[in-house]
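Some notes on the structure that comes next.
Both backbone and side-chain heavy atoms feed into the values below; hydrogens, waters and symmetry mates do not.
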Amino acid sequence: MAVGTKDLAPEQLRGLDDTKLADELKKAKEELFNLRFQSATGQLDNHGRLRAVKKDIARIYTEMRERELGIGSAPAAPKAPEKAEKVEKKAAKADKKADKADKPEKADKAEKKAKKADKAQEADA
C-alpha cells in the first residue's frame with residue numbers, strides 16, 4: 001500500500017466486523033479534523049498525512065458499501081452449538097424440571113423427555 005496507514009489495509013479492513021469498522025471510521029474522521037485544524041493554525045508538519053487519512057476514510061466507506069451491497073462480507077460469526085450440545089442442554093433442563101416437580105404426573109413427563117433426549121444423543125453419537 002503506497003499511501004495511508006499500514007493497519008488500515010483493505011485485507012485488514014475485511015477482517016473487522018461492522019462495529020469495529022465504524023469505530024475505525026470515527027477515529028479516522030477525528031484524526032482528519034485534528035489535521036485540518038493543525039493545517040489552519042500552521043502547526044501541521046506532515047501535509048501528506050491529510051491525504052493518507054482521507055484515503056483511509058475512503059477505504060472504510062468502500063468496505064462498508066461492499067458489505068451493504070453483498071459484494072463483500074463481514075467475518076464469519078461463531079458457529080451455533082452443535083446438535084449434541086443442544087440435546088444435552090434439553091436433557092439437563094428436563095432433569096431440573098423433574099427435580100422441581102411437585103406432582104408425580106409432571107415428574108413422569110420430565111423423565112420421559114430426559115429419556116428421549118438421551119436416546120437422541122446416543123443416535124447422534
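- Remark: Q43 engages no residue in a side chain to side chain donor-acceptor pair (under 3.5 Å) (not counting sequence neighbours).
- When all heavy atoms of E63 and L13 are compared, the closest pair comes out as CG-O, 4.2 Å.
- Each of I60 and F33 belongs to its own hydrophobic cluster when Ile, Leu, Val, Met, Phe, Trp and Tyr are linked at side-chain heavy-atom distances under 4.5 angstrom.
- Looking only at distances, a side-chain donor or acceptor of T41 sits under 3.5 Å from a matching main-chain atom of F37.
- For the atom pair D23 CG and D18 CG, the distance stands at 11.0 Å (nearest 0.5 Å).
- To the nearest 0.5 Å, the span separating CE on M64 from CD on E68 amounts to 8.5 Å.
- Atom CD in E31 sits 9.0 Å away from atom CD in Q38 (nearest 0.5 Å).
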Taking it one step at a time, do L25 and D56 satisfy side chain to side chain contact (heavy atoms under 4.5 Å, CB included)?
-> CA-CA 8 Å; L25 178 63; D56 288 342; over 6 Å; no

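- Here the closest heavy-atom approach between residue R67 and residue L16 is recorded as NH2-O, 2.6 Å.
- Atom CD of E24 sits about 10.0 Å away from atom CD of Q12, to the nearest 0.5 Å.
- Taking the side chain to side chain donor-acceptor pair (under 3.5 Å) definition, one finds that K27 meets it with nothing, sequence neighbours left out.
- In this structure, CD1 on I57 lies 4.5 Å from CG on L32, to the nearest 0.5 angstrom.
- Scanning for side chain to side chain donor-acceptor pair (under 3.5 Å) contacts around T19 gives D17, with sequence neighbours left out.
- Residues K29 and V53 form no side-chain contact, since every pair of their non-hydrogen atoms from C-beta on lies 4.5 Å or further apart.
- R59 places none of its side-chain heavy atoms less than 4.5 Å from the side chain of T62.
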